Amino acid sequence: MKALISIDYTNDFIATNGALTTGLAGQSIEKEMVNVTRTFIEQDDFVVFAIDAHQSDDQYHPENKLFLPHNIIGTEGQDLYGSLKQLYTINQSNPQVYWLNKRHYSAFSGTDLDLRLRERNITEIHLTGVCTDICILHTAVDAYNLNYKIVIHQHAVASFDAIGHNWALKHFQNTLGASII
Ligand code: ZN
């Protein structure tokens with residue numbers, strides 16, 4: 001069984017005025033993000049929207065020293081971007097579609113993602129979203145250590161850092177044994 005983990009395709013990471021925007025790099029994958037997600041939903045596969053979720057007064061969070069405030073829970077910045085938001089909205093009552101707030105880069109860190117996948121006998125996870133070299137990378141490393149088979153949709157991942165993006169694609173394939181499609 002397989003699942004799609006759709007990571008951080010939110011206004012703060014994608015919209016031109018987003019707090020930590022990837023800009024055109026992120027905006028250019030919108031169509032493919034929607035295509036991949038729609039295919040998984042139509043096949044009745046498990047689809048997880050693993051979304052950065054911060055609190056404005058979280059003084060102990062290590063990202064405070066690294067990034068501007070972003071993806072504050074309940075704000076427009078934490079909302080999905082563009083047509084992916086529409087697709088989520090019309091499918092959010094589908095029991096195979098799951099919104100997962102995450103506090104760290106990895107979708108596995110401090111969340112019930114591993115339990116949700118195991119109870120469905122899922123052994124293969126597909127990754128889309130941003131940033132290739134941050135949240136996708138950290139999620140893929142955790143998935144590797146938990147023995148999941150990993151598939152990266154290379155036309156549905158992006159980063160503000162082109163060098164980091166290309167390095168991460170190589171790392172997924174050569175070091176984590178991922179399939180790049
Ligand atoms: Zn964050």
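Residue numbers count from 1 along this sequence. Atoms considered below: every heavy atom in the structure, side chains included; atoms not considered: hydrogens, waters and symmetry mates. Just so we're clear, the structure is a prediction, and the values are computed from it rather than from any experiment. Numbering of ligands and ligand atoms starts at 1, following listing order.
Atom NE2 is the N/O/S atom of H54 found closest to the Zn ion (ligand 1). In terms of distance to the Zn ion (ligand 1), the nearest N, O or S atom of E63 is named OE1. Atom NE2 is the N/O/S atom of H70 found closest to the Zn ion (ligand 1). The atom name of the N/O/S atom in D52 closest to the Zn ion (ligand 1) is OD2.
Note on ring orientation: taking the six-membered ring where Trp is involved, the planes of F49 and W99 are parallel (angle under 30°, cut-offs 30° and 60°).
A cation-pi contact links R116 to Y98, judged by a cut-off of 6.0 Å to the six-membered ring centre and 45° from its axis.
Among the atoms of H104, none of the N, O or S atoms falls under 2.8 Å from the Zn ion (ligand 1). Checking C135 against the Zn ion (ligand 1), every N/O/S atom stays at or beyond the 2.8 Å cut-off.
A salt bridge between D58 and R103 is present, with a side-chain N of the basic residue lying under 4.0 Å from a carboxylate O of the acidic one. The pair E124-K149 meets the salt-bridge criterion, with a side-chain N (NZ, NE, NH1 or NH2) lying under 4.0 Å from an Asp/Glu carboxylate O.
L113 pairs with exactly one of I125, V48, D142 by the side chain to side chain contact (heavy atoms under 4.5 Å, CB included) rule, that one being V48.
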